[in-house]
Amino acid sequence: MDRRTLVAVGLCVLLLIFYQPMLRWMGFGAYLDRGASRHATTDTRGGSSTTGTPAAGPMGGAVSTTPGGTLAANDTTPAAGGATIAGGSASGTAAAGGGSLASNPTSAGSAAGAVLRNAPFQAHGAAIEHSYEIDTPLYHARFSDRGARLVAVEIKRYASALGISQMEHRRGHVKRGEDLAPGDRVVLAGGPLLAVDLGSGDALKSLEGATYAVSESADASGAVRTLTFEARDSSGLEVRQTWRARPQNYALDLEVEIHGVPESMHLSDWSLTLRSWPLVTERNLQSDQRSLKASSMLGDDVHKDQAHSLLRGPKSYDGNVVWAAVQNRYFVSAVAVTDGTARGVVERAEMRPLTSDQLRVLPSGTRNEQDVAINSLRMALPGDTHPVQRFVLYFGPVEFFRLAALKVRLERAVELGWTWVLPFSRALLQLLKWLYGVVPNYGVAIILLATLVRVVLHPLNMTMMKSQRALVKLQPEMERVRAKHKSDPQAMNKAIMALYKENKVNPAGGCLPTLVQMPLFFALYSVLFNAIELRQAPFFGWISDLSAPDLALSAGAFPIRLLPLLMAGSGFLTQALTPTDPSQKPTMYMMNVMMLVFFYNLPSGLVLYWTVMNLLTAAQQWLVLRQDDGPGDAAVEVVSPAAARRARKA
């Protein structure tokens, strides 16, 4: 092998070693890593440790999972707390990330929550916790009167990968967008999912022990659409929360009204805190855990901090908060400020132990605890002249156009690439959804999308291919020029440029079309990686989920994936038809092997797209060869500068 080939092989070996760090740096590493174990972290803000405790449930209770998939709200009788706010123990039961919501009275629970001095709304020892529910066509939300917490939201039209039907290997015939059976649905239960408290940080005055008076308002059909929670204490402090459902969306409107905060509390703000849910809804648990993050938008800047990084310590951002959220790859809990003064956000994380029922449905060897992302929105206490502050809350799928329709800029939470790529990503996602409307199979839609993209880029690609072919044909003459002027680099460069000019070849003709297409390529990667539309979307045969790597069979512990092998075959076909300097062919074939390694564990939707693009590129190369009357060995007249001068004199 010559020196070039040896260098290329060495580069390929280095790429094999470092391709995982490169993927993580590019934002694609979520599909290749194998989550490293983390040490549990102690949270000192609330005065309690995050290790060695039961999974945090609503109002400080325990979250447990039942195989039947029923998320149960237990009415409890808290122990007398004295100066301790005893929030009771309302155990939220989430069936492996899916389930239905119910309310069941139970016996007394133990006191929970941190010991806080001068806490408002002292709990009544004999008070029983009650649940209240809002049911819409899209979701079922459950609230508790203890602390006016939002306990859980059940999403009716999105299936948990670890739901009852999946675990029992029962395949239903429910179409996408239709209601799923209880026990098969995704449930967001953060323990609690959302809470309102006075103060922030170390000055937090938790309201989890307060028992609120609740009033309901129903629409003409009798369905509850508004819940109002109201609490007062002897000092004159009054807190009122009013929740209004939007039946045709995953959003709710929230009004918070705070009056009469005693000066002795020395408070200037209050907190609205979001907590992430147990990550038991996806088959790729490691990927789901790595995608968990706290996100915030302040001004025009979006901050996204991974939960595992927040375990090392909280992060605070001060300024004009547009929205705050906790999210994973496919679902998000978010609050957007529509009327009020936001001071900033505090993002942090802690560990949540998994219950035995949750571990039973997860893959063997799964760690017995998970990260919990927590995001607290800090709001300035309202004045007496304008005591009501308003918010839009969203608990549901990370759908770009649904979030954009809220008009609160929450679509920026969707991972669709850098800001300058976003217009291309949005257009491609819209086109993909339109194609799915025409042909209701996202695999076919991806094939059609790849074909349309290749048709649009056909003129640029043909220009690039012709330029490459012309450069290959000039290689013999260029080698003669280099040999003739090897001792005079300036003369050699001048002669080569003259050769280009006489043969009307642009040496940059193969690069410029590629640069023009780069924004489109980045946008396609972002869309096919992160679009929830591809979640659990089947194609055909063994490809049952376009958002995950395909699996045809296994050889021991090693997965056999046919689609990446087909992609590699299409790459070799394209390379065989591409005009290449013979000395560079081994390098190019080695790059195809590297592409196989790179794509082997990526989502099948992305691999399918790349395979189709390879085949279409091969077809274009064949057209170029036909125009040249054959492959690269065809006789072509190359005009040297000297021959051109002689021809002009004649």
Side-chain angles (χ1 to χ4, degrees), residues 20 24 29-43 49-57 62-71 91-99 152 158-169 183-191 275-293 306-312 326-331 349-374 535-536 544-545 547-549 551 554 556-559 601 603:
Q20 289 191 6
R24 287 194 294 272
Y31 300 95
L32 296 176
D33 290 339
R34 293 290 182 267
S37 61
R38 306 185 188 98
H39 295 290
T41 301
T42 300
D43 177 19
S49 172
T50 61
T51 61
T53 60
V63 174
S64 61
T65 302
T66 62
T70 300
L71 184 62
S91 66
T93 307
Y158 281 86
S160 169
L162 302 176
I164 293 176
S165 295
Q166 293 290 332
M167 300 311 296
E168 295 180 358
H169 306 288
D184 289 335
R185 303 167 181 170
V186 168
V187 173
L188 310 182
R275 293 172 59 91
S276 64
W277 48 94
L279 300 179
V280 287
T281 63
E282 311 299 327
R283 288 202 177 277
N284 191 336
L285 181 61
Q286 290 82 11
S287 175
D288 202 26
Q289 290 176 328
R290 286 188 294 271
S291 68
L292 181 64
K293 62 179 72 72
Q306 304 294 325
H308 64 80
S309 68
L310 293 173
L311 287 172
R312 295 191 288 268
V326 292
Q327 63 181 111
N328 61 3
R329 186 180 174 193
Y330 292 125
F331 299 97
E350 60 188 35
M351 302 299 291
R352 169 169 37 216
L354 294 172
T355 66
S356 58
D357 290 323
Q358 289 170 338
L359 289 170
R360 182 165 49 84
V361 299
L362 292 172
S364 59
T366 299
R367 294 169 53 215
N368 61 0
E369 57 185 4
Q370 288 183 348
D371 301 342
V372 180
I374 304 171
R535 179 182 181 267
Q536 299 181 358
S544 59
D545 185 354
S547 69
L551 179 63
S554 298
F558 184 78
N601 288 308

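Numbers here are sequence positions counted from 1. Note that these values count all heavy atoms, side chains included, but never hydrogens, waters or copies made by symmetry.
Considering all non-hydrogen atoms of both residues, L292 and L279 come closest at CD2-CD1, 4.0 Å. The two residues L310 and A349 have their closest heavy-atom pair at CB-CB, 3.7 Å. When all heavy atoms are compared, the tightest approach of P278 to A189 is CD-O, 3.0 Å. In terms of heavy-atom proximity, S160 sits nearest to V186 at N-CG2, 3.9 Å.
The CD atom of Q306 sits 7.5 Å away from atom OG of S291, with the distance rounded to the nearest 0.5 Å. Residue R367 holds its CZ atom at 10.0 Å from CD of Q286, rounded to the nearest 0.5 Å. Annotation: the span from R535 atom CZ to R329 atom CZ amounts to 9.5 Å, rounded to 0.5 Å. Within the model, atoms CG of L354 and OG1 of T366 stand 8.0 Å from one another, a figure rounded to the nearest 0.5 Å. Taking CG from N368 and OG1 from T355, the interatomic distance works out to 11.0 Å, rounded to the nearest 0.5 Å.
Considering only heavy atoms from C-beta on, D288 stays 4.5 Å or farther from Y330 through its side chain.
Scored by the side-chain hydrogen bond (donor to acceptor under 3.5 Å, both in side chains) test, Q370 finds no partners at all (sequence neighbours excluded). In this view, D545 and Q536, S547, A548 satisfy the side-chain contact (heavy atoms from CB on, under 4.5 Å) rule, not counting sequence neighbours.
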Starting from the C-alpha separation in whole Å, work towards a yes-or-no answer on ring pair (Phe, Tyr, Trp, His ring centres under 6.0 Å) for Y158 and F331.
CA-CA 10 Å; Y158 281 86; F331 299 97; 5.8 Å; yes

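Under the side chain to side chain contact (heavy atoms under 4.5 Å, CB included) test applied with D371, the options R290, M351, Q289, K293 reduce to a single match, M351.
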